[in-house]
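Below: one structure, written as structure tokens.
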Amino acid sequence: MQRIAISGKGGSGKTTIAGTLARLAGRRLGHVLAVDGDPNPNLGRAMGVQHDGVWPLLPTNLMKVEEIEGKRVSRLALPVQQILTEHTVPGPDGVHLLALGEVDEPGKGCLCSRHGMVREIVGAAVEESNQVVILDMEASLEHMRRGTVRHVDKLLVVTEPYYRALESAGRLIKLAQEMGIKQIYGVANKVRTPAEEEVVVSYFKSLEIPVIAVIPFDEAVTAADLEGKPVLDYNPQAPSMRAVAGMLDRLMA
């Protein structure tokens with residue numbers, strides 16, 4: 001099975017893509033783990049997961065530190081299946097959601113330990129429970145710095161067709177390559193014209209990164225958000241949804 005991370009600049013549409021990808025994969029495979037690695041979580045809403053109130057931060061006691069050959073190493077303190085049973089929320093189409101948690105108070109320090117938890121859970125989820133994992137990352141470079149995506153098999157870098165978004169995508173790709181991620185793909189989102197598509201495709205080509213999907217600008221995305229619905233429920237045949245379905249086909253091929 002596969003671990004797929006979706007990353008990109010804020011506003012690129014990565015969370016909508018991640019939520020749609022998770023649900024479509026769940027329909028096909030029966031069970032998918034979706035992980036919201038953003039301390040400002042929105043993946044649940046993008047998938048249609050019913051949840052009231054604040055997403056609690058993952059408890060720090062899920063990790064333990066061991067000394068191995070003179071080095072301190074962080075590991076999961078509980079079996080991954082127990083963690084998933086106790087800390088995931090069921091959603092539609094066979095998807096279970098695990099959220100890093102929501103920061104609800106200022107000045108309480110960093111989330112380093114939680115990033116470590118997400119990293120280890122993602123690594124163990126496939127090895128021990130044979131699940132497909134869809135990981136929606138925060139809109140910054142922090143997850144690269146903390147190595148949160150170290151165990152993923154494929155990284156999708158989502159970008160819009162304008163210079164600042166492409167520049168941000170380039171930084172993500174550089175760090176991912178330095179981390180050793182082998183399968184990195186570009187995703188062009190909110191594309192309105194052939195000229196915009198060419199700009200994105202040419203940029204990724206200059207970095208020797210294949211483009212796995214071109215997702216058109218779609219009014220259904222905005223309309224669904226105004227009604228508080230996932231796009232997949234609002235209009236499953238919307239152009240953007242068909243494009244994400246095609247991307248899933250290519251990812252699973």
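Computed from a predicted model, the values in this text were never measured in an experiment.
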#### Entry: Worked check of side chain to side chain contact (heavy atoms under 4.5 Å, CB included) between Leu155 and Ser7
CA-CA 7 Å; Leu155 176 66; Ser7 190; 4.0 Å; yes

### Query
According to the ring pair (Phe, Tyr, Trp, His ring centres under 6.0 Å) rule, which pairs have a member within residues 12-50, sequence neighbours left out?
His31-His96

### Message
So does Arg164 get a backbone contact from the side chain of Ser168, meaning a donor-acceptor N/O pair under 3.5 Å?
### Response
no

### Task
For residues Pro92 and Val49, report the shortest heavy-atom separation together with the two atoms involved.
CD-CG2, 4.3 Å

### Query
Passes side chain to side chain contact (heavy atoms under 4.5 Å, CB included), Arg3 versus Leu135? Steps please.
CA-CA 7 Å; Arg3 294 159 289 199; Leu135 177 59; over 6 Å; no

### Query
Any donor and acceptor pair, going by atom type alone, linking the side chain of Glu196 with main-chain N or O of Arg192 inside 3.5 Å?
yes

### Task
May I ask you to decide if Tyr203's main-chain N or O and Ser206's side chain share a donor-acceptor pair within less than 3.5 Å?
yes

### Query
Quick one: does Ser12's side chain have a donor or acceptor within less than 3.5 Å of a partner on Lys9's backbone?
yes

### Message
Between Leu156 and Ile4, is there a side-chain heavy-atom distance shorter than 4.5 Å?
### Response
yes

### Message
Applying salt bridge (Lys or Arg N to Asp or Glu O under 4.0 Å), can you list everything that pairs with Asp225, at least two apart in sequence or on another chain?
### Response
none

### Query
What's the shortest heavy-atom distance between Asp36 and Leu43, and which atoms?
OD2-N, 3.0 Å

### Query
By salt bridge (Lys or Arg N to Asp or Glu O under 4.0 Å), which residues pair with Glu86, not counting sequence neighbours?
none

#### Entry: Residue pairs involving residues 15-27 (criterion side chain to side chain donor-acceptor pair (under 3.5 Å); sequence neighbours excluded)
Thr15-Asp136, Arg23-Asp93, Arg23-Asp233, Arg27-Asp93

### For His87, all residues meeting ring pair (Phe, Tyr, Trp, His ring centres under 6.0 Å), sequence neighbours excluded
none

Run the side-chain donor-acceptor check on residues 208-223: report pairs under 3.5 Å with partners two or more places apart or on a different chain.
residue : atom : partner : partner atom : Å
Asp218  : OD1  : Ala220  : N            : 3.0
Asp218  : OD2  : Ser240  : N            : 2.9
Asp218  : OD2  : Ser240  : OG           : 2.7

